[in-house]
Amino acid sequence: MLENNCIFCKIANGEIPSATLYEDDMFRVILDLNPAAKGHALILPKKHAADLFELPDETAAKAIVLAKKIAGVLKTGLHADGINLVQNNGEAAGQTVFHYHMHLIPRYQGDKVNINWVPGTLTEEDKKEILALF
Ligand code: AMP
Ligand code: ZN
């Protein structure tokens, strides 16, 4: 269940101390060490899964319900104007720690947090290819 040399396994299971906001038998929620904004938190499952694709469905379902609860407390308590849930899967997507985690990033009007992209154009060719997958 614990992956050797996985820092988030060690943090989630209390082997390495962390600023813990919440803990139950399945999850630990901690403050990010290098926050994008005040209140930036991470939801960590206690059982190792590298990313969303390895995460059991039951854990994935519980993670989003927990995110809603924690996000509400952060938003109200820190008077945030909004909050982003960010979850990176794979190096190409910006994942740097390969133990599933969900970012909760409180947002404040006019802040300089950058999770933006340049909007592109949906081509007919791409649309056809993608729709055919489902
Ligand atoms: P990601 O790029 O989605 O893999 O995010 C990894 C996040 O983990 C980053 O926001 C880091 O700041 C954060 N992080 C890495 N090591 C620690 C740590 N020991 N304690 C808390 N947060 C950490
Ligand atoms: Zn792990």
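Remember, it's a predicted structure, so these values are computed and weren't measured experimentally. In each ligand, atom 1 is the first atom listed, and ligand 1 is the first ligand listed.
Of the heavy atoms in Leu31, only backbone atoms (N, CA, C, O) come closer than 4.0 Å to ligand 1. For Ile11, every heavy-atom contact with ligand 1 shorter than 4.0 Å involves the side chain, none the backbone. At a heavy-atom distance under 4.0 Å, only side-chain atoms of His101, from C-beta outward, approach ligand 1.
Note that OH of Tyr22 is 4.5 Å distant from NZ of Lys69, once rounded to the nearest 0.5 Å. To the nearest 0.5 Å, the span separating CD1 on Ile43 from CG on Leu104 amounts to 5.0 Å. Summarising the geometry, atom SG belonging to Cys9 is positioned 5.0 Å from atom NE2 belonging to His99; distances are rounded to the nearest 0.5 Å.
Taking a 4.0 Å cut-off on heavy atoms, Ser18 fails to register as neighbouring ligand 1. Ligand 1 has no atom lying under 4.0 Å from any heavy atom of Gln87. The shell of residues lying under 4.0 angstrom from ligand 1, judged by heavy atoms, includes Leu42.
Using cut-offs of 30° and 60° on the angle between ring planes, the pair His40 and His103 is tilted.
Checked against a 3.5 angstrom limit, the closest N/O atoms of Gln95 and ligand 1 fall outside it. By the 3.5 Å distance cut-off applied to N or O atoms, Val97 is counted among the residues near ligand 1.
Applying the 6.0 Å contact sphere to CD of Glu129 captures no more than 12 heavy atoms from other residues, nucleotides or ligands.
Using a 4.0 Å cut-off to heavy atoms of Thr96, the atoms of ligand 1 that qualify are 1 (P), 2 (O), 4 (O), 5 (O), 6 (C). Each of the following atoms of ligand 1 lies closer than 4.0 Å to a heavy atom of Asn34: 12 (O). For ligand 1, the atoms sitting less than 4.0 Å from at least one non-hydrogen atom of His103 are 1 (P), 3 (O), 5 (O), 7 (C), 10 (O), numbered in the order shown with element in parentheses. Every atom of ligand 1 is numbered from 1 in the order shown, and the set under 4.0 Å from a heavy atom of Ile30 is 21 (C). Using a 4.0 Å cut-off to heavy atoms of Asn88, the atoms of ligand 1 that qualify are 1 (P), 2 (O), 3 (O).
Inspection of the Asn5 and Glu3 side chains reveals no N or O donor paired with an N or O acceptor under 3.5 Å.
His99 contributes atom ND1 as its closest N/O/S atom to the Zn ion (ligand 2).
Listed here is the closest heavy atom pair of Tyr108 and Lys38: OH-O, 2.8 Å. The two residues Lys46 and Asp25 have their closest heavy-atom pair at CD-O, 3.5 Å.
For Cys6 atom SG and His48 atom ND1, the angle they make at the Zn ion (ligand 2) is roughly 110°, to 10 degrees.
Look at Lys62 and Glu58 and you find a salt bridge, because one of the NZ, NE, NH1 or NH2 atoms lies within 4.0 Å of a carboxylate O, short of that distance.
When side chains are defined from C-beta on, Leu33 does not count as touching Leu31, because their heavy atoms never get closer than 4.5 Å.
Here the shortest heavy-atom distance to atom 16 (N) of ligand 1, taken over Tyr100, Phe8, Phe98, belongs to Phe8.
With hydrogens left out, the protein atom closest to atom 2 (O) of ligand 1 is Gly94 O, 2.9 Å, a heavy atom. At the shortest separation from atom 13 (C) of ligand 1 among protein heavy atoms lies Asp32 OD2, 3.3 Å. Scanning all protein heavy atoms for the shortest distance to atom 21 (C) of ligand 1 gives Leu33 N, 3.4 Å.
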request  = Could you walk me through whether Leu42 and Val97 pass side-chain contact (heavy atoms from CB on, under 4.5 Å), step by step?
outcome  = CA-CA 12 Å; Leu42 301 172; Val97 180; over 6 Å; no
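Under the 4.5 Å side-chain heavy-atom criterion for Ile, Leu, Val, Met, Phe, Trp and Tyr, Leu44 and Ile7 are members of the same hydrophobic cluster.
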